[in-house]
Novice: 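Before anything else, here's the structure in question.
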Amino acid sequence: MVRAAYTYFPLVLLALLWEVISRSGVISQDMLPPFSVVMRALWGLIQSGDLLSNGTASLTRAAIGFVLAVGVGALLGAGMALIPWVYRGIDPIVQIFYPLPKSALIPLVLVWFGLGDTSKTFLVFLGCLQPAILATYNGLRGVDVLLGWSARSLGATRFQVVREVMFPAALPQLLTGLRTALAFMFLLMVSSELVIATNGLGYLIGNFGDQGSYPEMFATILVVTALGFLADRGFLALSDHLLRWRP
Amino acid sequence: MSKSGFGIEIEGITHGYVPRSGKPTVALDNVSLSIAPGEFHALLGPSGCGKSTLLFLIGGFQKIQQGTIRTARGLVSEPGPDRGIVFQNFALFPWKTVIENVRYGLEKKGIKGSEAEQRAKHYIDLVHLSGFEKAFPTQLSGGMQQRAAIARTLAIDPDILLMDEPFGALDAQTRRIMQEELLTIWRGTGKTVVFVTHDVAEAVFLADRISVMSARPGRIKRLVSAEFNRSADPTIHKSPAFNDMVEQVWEMVRDEVDQARAQGH
Amino acid sequence: MREILRWLARLSPIFVLLLVWEAVALAGLVKPFLLPAPHAVAGRVWHDLASGQFALNASLTLYRALVGFVLACVIGVPAGILIASERWVRWLAEPLISVGFPMPKIAFLPVFMLWFGVYDLSKIVMVCFAAIFAVVAAAEAGTRGVDKFMLWSARAMGASRADVFREVVLPAAMPQFLTGMQIALPVSLITAVAAEMLMGGAGLGGAMLAAGNYADSPGVFAGIVETSVVGLVAVAGMTALRRHLLRWHAEFNPRG
């Protein structure tokens with residue numbers, strides 16, 4: 001507890017600095033509303049329920065897209081790692097989409113699915129699919145062949161080798177890849193809502209910006225930042241738990 | 001090159017550290033040792049006995065907490081080119097070719113151009129690496145990388161050669177060849193050598209004298225004179241005298257290993 | 001010749017995909033609005049090339065992405081080194097990095113528009129802000145990860161502390177610096193395109209969004225192809241740079 005306070009104290013300093021810079025007029029309050037004003041705006045957003053309804057809409061879409069991407073990506077990645085013809089069929093397609101900036105897909109999902117939830121969910125799915133495929137594939141390919149051989153010699157079947165040896169051995173790399181996918185999820189969630197503005201946290205940010213309600217805009221940005229941070233820490237804690245056998 | 005060289009006087013060295021988790025550990029406890037000029041001295045002991053720490057203190061890489069270390073250049077306080085060092089993991093600069101690695105220390109001494117080139121070539125020859133001057137370390141085998149590291153250290157002509165398990169990462173055959181070559185070079189230059197190892201036969205084969213060290217706290221338990229290193233007889237490994245000595249030293253080390261195990265290391 | 005054939009065989013899944021797509025489009029199974037035929041998309045790409053539209057949009061996007069990227073590297077690498085070398089700087093910076101790293105940086109675009117206006121400056125700052133975290137984190141990890149024994153070797157050969165930094169720390173941490181940049185470059189492109197979409201105007205992102213808004217689906221697909229090509233060239237350039245700078249490294253010298 002004391003440790004955490006010590007570690008994160010610089011964030012408190014940053015908030016203080018923010019307050020001082022704005023109050024003293026080094027940067028005008030129109031450009032940077034004081035931290036305390038932003039906090040008051042945040043409280044207002046919580047009370048009015050705007051934050052909850054838009055946050056729920058954002059996170060639901062993002063979570064569905066992410067889970068679908070991880071499921072499909074794990075299947076495809078495992079197929080690529082274990083079955084040569086699946087690799088030959090999928091790898092070139094994954095490769096040509098590798099350099100595509102994922103945000104370029106926003107107009108595509110807009111054309112395909114219109115303004116509703118589906119377009120944004122599908123965008124998150126597409127964006128997270130490739131890191132999920134690559135994490136699974138690289139993880140399984142990186143497993144030491146000797147591990148599989150020793151399991152076979154101890155009497156494991158091929159299927160057991162995959163489930164009981166290769167999957168746990170691939171887990172560290174798999175989780176690293178999924179952490180990247182999680183960051184992509186937040187990025188695509190916010191960008192799609194900024195562009196296809198109907199509801200959600202990204203919509204709130206853009207809308208408050210257009211209206212000139214800057215304290216509310218900063219408050220929502222802080223919420224998105226906190227959500228990203230908490231999701232990342234939560235994911236790290238889960239990883240550490242799953243990988244507690246590591247040195 | 002002079003045969004006299006420079007000795008090392010170690011007096012009352014005590015050294016401890018606090019690991020990230022756990023209680024403070026005394027790595028070295030009041031260690032005193034006098035190493036003669038031109039002596040080949042081995043520090044032998046189980047892992048955790050502080051033999052590498054002692055070597056790093058002589059090198060000036062870690063700050064001395066208590067006691068003194070003196071060489072012909074005075075009290076040791078920081079690293080310097082009078083004390084060359086060779087590490088187990090070679091520590092070559094991977095972005096430099098073999099000859100660039102060897103030239104690095106020469107250039108620090110202000111030796112440049114064709115003279116540096118010639119001196120570097122001489123030492124590369126000495127360690128039998130001719131023809132690999134332009135290779136990057138990652139293109140060489142472990143044994144060749146260690147040869148390059150030794151050439152790099154010899155090239156700055158240090159009074160004292162510090163070696164931290166330099167052959168520990170090599171396969172048995174390469175290791176044996178490198179030991180013999182090291183002795184040949186040592187006999188030719190007369191440098192003072194401090195050689196850290198946990199391999200009893202290696203210590204007996206190479207050293208004039210062996211400090212057998214105890215673990216936690218690290219102390220010098222026994223000083224043994226070996227002196228098989230003065231003859232160039234390749235069959236010395238088979239002589240009864242050599243094998244008796246290895247057995248004798250092994251008994252001393254075994255006590256330490258047993259004790260260390262009893263302490264839970 | 002055999003090399004070329006093998007290469008074509010490797011790419012065959014892409015040709016199959018294109019053929020199926022063309023067949024589906026020609027048979028009218030899907031409305032052309034949803035899925036324009038490949039030949040229509042290719043025609044649009046050709047038109048953009050011939051009219052100079054592609055050159056204009058791509059150079060604008062690349063300009064914004066690369067200036068932001070270079071700024072992120074120029075600021076981020078020294079910052080990472082400083083964080084690695086000074087305890088108190090590390091204490092200050094570490095929580096900011098761990099919060100900033102997973103944050104969806106694009107959420108700050110309206111802030112930068114407020115501060116820096118709606119022209120190139122805000123887009124460049126946005127790109128730099130999005131890309132810098134990966135650069136700083138990698139530079140810090142690289143600097144801290146330099147082999148202690150390599151530093152000691154240099155010191156024992158008579159190198160001063162400044163020599164050690166310039167001649168050992170910098171080259172030894174170079175692979176990690178480059179890794180950070182390799183992560184940051186695609187991020188820069190993604191961010192530049194997203195910023196252009198949000199702010200409109202010329203550039204690949206703005207053109208695509210306009211096409212999307214006018215329901216011009218060949219335009220959308222052509223935009224995706226064009227953006228991918230730009231991304232491919234940028235990523236390939238970065239890989240080539242890495243290969244050149246790290247020709248001493250084990251990853252390009254298989255025997256080690």
Side-chain angles (χ1 to χ4, degrees), chain B residues 52 55-56 58-62 76 78-98 100-111 134-142 144-145 148-150 152-158 160-166, chain C residues 77 81 84-85 87 90-91 94 138-139 141-182 239-256:
Chain B
S52 291
L55 192 82
F56 297 160
I58 300 172
F61 303 114
Q62 294 183 347
V76 168
E78 57 172 8
D82 57 319
R83 285 150 290 137
I85 188 153
V86 177
F87 295 105
Q88 178 175 3
N89 73 351
F90 325 131
L92 289 164
F93 305 130
W95 55 90
K96 289 182 187 289
T97 61
V98 168
E100 285 166 355
N101 265 284
V102 178
R103 285 182 57 150
Y104 182 83
L106 293 172
E107 277 155 20
K108 290 291 151 217
K109 282 189 134 181
I111 301 166
K134 297 247 155 58
F136 285 112
T138 47
Q139 296 168 316
L140 303 177
S141 67
M144 291 162 91
Q145 290 190 50
I150 291 172
R152 182 174 73 168
T153 305
L154 289 174
I156 55 171
D157 195 19
I160 297 164
L161 197 53
L162 307 172
M163 306 187 92
D164 184 25
E165 305 201 29
Chain C
V77 170
I81 294 171
S85 349
R87 246 191 138 80
R90 185 149 75 240
W91 174 74
E94 220 146 51
T143 310
R144 287 175 72 174
V146 177
D147 180 22
K148 171 177 78 177
F149 297 120
M150 210 142 62
L151 304 178
W152 287 3
S153 285
R155 291 279 283 151
M157 282 186 279
S160 67
R161 279 176 203 285
D163 287 345
V164 169
F165 178 76
R166 206 178 52 241
E167 293 163 1
V168 183
V169 174
L170 286 187
M174 186 60 77
Q176 291 263 47
F177 294 169
L178 289 169
T179 301
M181 295 180 198
Q182 278 180 305
T239 310
L241 180 69
R242 182 186 186 96
R243 191 175 283 274
H244 176 71
L245 287 175
L246 299 187
R247 55 200 179 284
W248 50 271
H249 198 276
E251 74 187 53
F252 301 121
N253 294 304
R255 183 192 172 172

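No experiment lies behind these values; they were computed from the predicted model shown.
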Novice: Side chain, backbone, both or neither: which part of B:E78 has an atom under 4.5 Å from a heavy atom of chain C?
Specialist: side chain
Novice: For B:L162, is it the side chain, the backbone, both, or neither that has a heavy atom closer than 4.5 Å to a heavy atom of chain C?
Specialist: neither
Novice: When you compare the side chain of B:P94 with that of C:M150, does any pair of heavy atoms fall below 4.5 Å?
Specialist: yes
Novice: Is any side-chain heavy atom of C:M157 closer than 4.5 Å to a side-chain heavy atom of B:K109?
Specialist: no
Novice: May I ask you to test the C:F149-B:F56 pair for a side-chain heavy-atom distance under 4.5 Å?
Specialist: yes
Novice: Are the side chains of B:K108 and C:S160 in touch, meaning some heavy atoms are under 4.5 Å apart?
Specialist: no
Novice: Taking only heavy atoms into account, what residues of residues 162-170 of chain C are found under 4.5 Å from chain B?
Specialist: C:D163, C:E167, C:V168
Novice: Would you indicate whether the side-chain heavy atoms of C:W152 and B:Q62 approach each other to under 4.5 Å?
Specialist: yes
Novice: For the CZ atom of B:F90 and the OG atom of C:S153, what is their distance to the nearest 0.5 Å?
Specialist: 12.0 Å
Novice: Going from CG on C:L151 to CZ on B:F61, what distance comes out if it is rounded to the nearest 0.5 angstrom?
Specialist: 10.5 Å
Novice: Identify which of B:R83, B:K96, B:R152 forms the greatest number of heavy-atom pairs closer than 4.5 Å to chain C.
Specialist: B:R152
